[in-house]
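One structure is given here, and the rest of the page talks about it.
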Amino acid sequence: MAAVRGALAESLVGQVVLPGDLLLLPAHPDDDRLRLAPGGGSSAPWGRLLCGPGLRRCAGGLLVTKCGLLRHRRAGGGAYWVDSQQKRYVPVKGDHVIGIVTAKAGDVFKLDVGGSEQASLSYLAFEGATKKNRPNVQVGDLIYGQFLVANKDMEPEMVCIDSSGRSSGMGIIGQDGFLFKVSLGLIRKLLAPKCEIIQELSQLYPFELVLGMNGRIWVKAKTVQQTLIIVNILEACEYMTAEQRKQALAKLSGN
């Protein structure tokens, strides 16, 4: 059932909304929770309602910009977003992604992140990097980092350090391993807390895993055969039920 233009946001949670639909918020001027925080990031003050992906603020409330299911989270003041199945990744500030170095342009690296344009990465955006101590980044390397700047009017900019200057697991990914692409919906499922798929795979083989919000996954296991088995399971689990996945893992563990 499509959303009705001008309907209350709470009444449409879990339903399909379309671009152009207007989601109204309860009119309580004294309620601080109804003031939307900019950007939708986690740095918003406690008690503010967050505007997530697929929604845009307007005078009447929230304007839908993507087709999908409307979701709502009440914790931390609440948040609304649209859960959509899109093929092309759109950079979002704060997202952790896997990029492929395509060129060096002076002091800046150009990375393919799967979006409409390439992202830039400064050589100083690495932990401990200085003018004399430059990181050894070559064309074709895989970089795991996060977006510092991402909007429709500016070129996306990535960094491999957090706010305190630490790498926090970001940086150049090892040469070994296997890189492949899955849907954005599967990535969100794998990044969910206590994901059953990751827990079940960890009982099968020990492996290293890097997940990018742009739909890219890097996997490295002890052997090439184990790596390919994990890759095939991750690609197929999107179309398998939990019972089918457990049966497939049971067969592999028995071999």
Side-chain angles (χ1 to χ4, degrees), residues 3 12-19 21 39-42 50-56 62-73 79-100 102 111-119 121 142-152 154-160 169-170 173 177-201 207-219 230-242 244-245:
L12 296 175
V13 174
Q15 298 186 26
V16 177
V17 292
L18 300 175
D21 289 338
S42 59
L50 301 182
C51 178
L55 297 174
R56 191 175 63 194
L62 302 176
L63 185 65
V64 180
T65 59
K66 290 182 181 179
C67 177
L69 298 177
L70 182 66
R71 302 296 187 186
H72 178 53
R73 185 187 71 231
Y80 285 99
W81 72 94
V82 176
D83 191 2
S84 60
Q85 293 288 346
Q86 62 185 46
K87 293 185 178 181
R88 168 167 283 185
Y89 172 71
V90 178
V92 178
K93 181 180 179 180
D95 274 3
H96 289 74
V97 298
I98 298 176
I100 304 174
T102 58
L111 280 74
D112 174 23
V113 294
S116 58
E117 60 179 330
Q118 294 186 341
L121 174 67
L142 303 179
I143 303 291
Y144 179 65
Q146 65 176 344
F147 283 112
L148 181 66
V149 176
N151 58 58
K152 61 180 181 179
M154 298 178 63
E155 179 187 49
E157 181 180 347
M158 285 179 58
V159 293
C160 292
M170 294 180 285
I173 302 176
F178 190 89
L179 179 71
F180 63 103
K181 186 173 177 59
V182 298
S183 68
L184 303 182
L186 179 58
I187 285 291
R188 288 193 292 268
K189 186 186 299 184
L190 295 174
L191 287 172
K194 298 181 180 179
C195 175
E196 294 182 356
I197 300 174
I198 302 297
Q199 293 178 354
E200 293 170 357
L201 283 176
F207 61 92
E208 299 177 39
L209 185 68
V210 180
L211 301 172
M213 283 297 294
N214 55 343
R216 291 175 178 168
I217 300 179
W218 179 85
V219 180
I230 294 172
V231 169
N232 291 330
I233 293 175
L234 288 174
E235 288 180 334
C237 66
E238 184 177 8
Y239 310 102
M240 298 169 65
T241 63
Q244 290 174 338
R245 186 178 66 248

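What you are looking at is a predicted structure, and each value in this text was computed from that prediction instead of being measured. Side-chain atoms are counted along with the backbone in the values below, which use heavy atoms only and exclude waters and symmetry mates.
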Test of understanding: with ring-ring contact (aromatic ring centres under 6.0 Å, His included), list the residues that count as partners of Y144, not counting sequence neighbours.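 Scan of Y144 (ring-ring contact (aromatic ring centres under 6.0 Å, His included), adjacent residues dropped) gives H96.
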
With sequence neighbours excluded, residues passing ring-ring contact (aromatic ring centres under 6.0 Å, His included) with Y80: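 ring-ring contact (aromatic ring centres under 6.0 Å, His included) list for Y80, sorted by chain: H72.
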
I'd like to know if the side chain of T65 reaches the main chain of P19, judged simply by a donor and an acceptor atom lying under 3.5 Å from each other, with no hydrogens or angles considered.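 Checked: no pair found.
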
Within the structure provided, determine whether [X] and [Y] are in side-chain contact (heavy-atom separation under 4.5 Å).
{"X": "Y239", "Y": "Q244", "result": "no"}
{"X": "V97", "Y": "M158", "result": "yes"}
{"X": "I100", "Y": "L179", "result": "yes"}
{"X": "I233", "Y": "I197", "result": "no"}
{"X": "I143", "Y": "I98", "result": "no"}
{"X": "L70", "Y": "L55", "result": "yes"}

What pairs with [X] under side chain to side chain donor-acceptor pair (under 3.5 Å), at least two apart in sequence or on another chain?
{"X": "D112", "result": "R216"}
{"X": "E200", "result": "R245"}
{"X": "E157", "result": "none"}

Within this structure, what is the [atom1]-[atom2] distance for the pair [X] and [Y], rounded to the nearest 0.5 Å?
{"X": "L69", "Y": "W81", "atom1": "CG", "atom2": "CH2", "value": "11.5 Å"}
{"X": "L111", "Y": "Q118", "atom1": "CG", "atom2": "CD", "value": "8.0 Å"}
{"X": "D21", "Y": "C67", "atom1": "CG", "atom2": "SG", "value": "9.0 Å"}

I need the minimum non-hydrogen distance between W218 and G177, along with the two atoms involved.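 Distance-wise, the nearest heavy atoms are NE1-CA, 3.7 Å.
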
Run the side-chain contact (heavy atoms from CB on, under 4.5 Å) test on L234 and L209 for me, step by step, so that the C-alpha distance in whole Å, both residues' side-chain angles and the decisive distance to 0.1 Å come before the verdict. CA-CA 11 Å; L234 288 174; L209 185 68; 4.2 Å; yes

Donor-acceptor list for residues 180-193 side chains, cut-off 3.5 Å, not counting sequence neighbours:
residue, atom, partner, partner atom, Å
K181, NZ, N214, O, 3.0
S183, OG, L186, N, 3.3
S183, OG, E238, OE1, 3.1
S183, OG, E238, OE2, 2.5
R188, NH2, D83, OD1, 3.1
R188, NH2, S84, O, 2.8

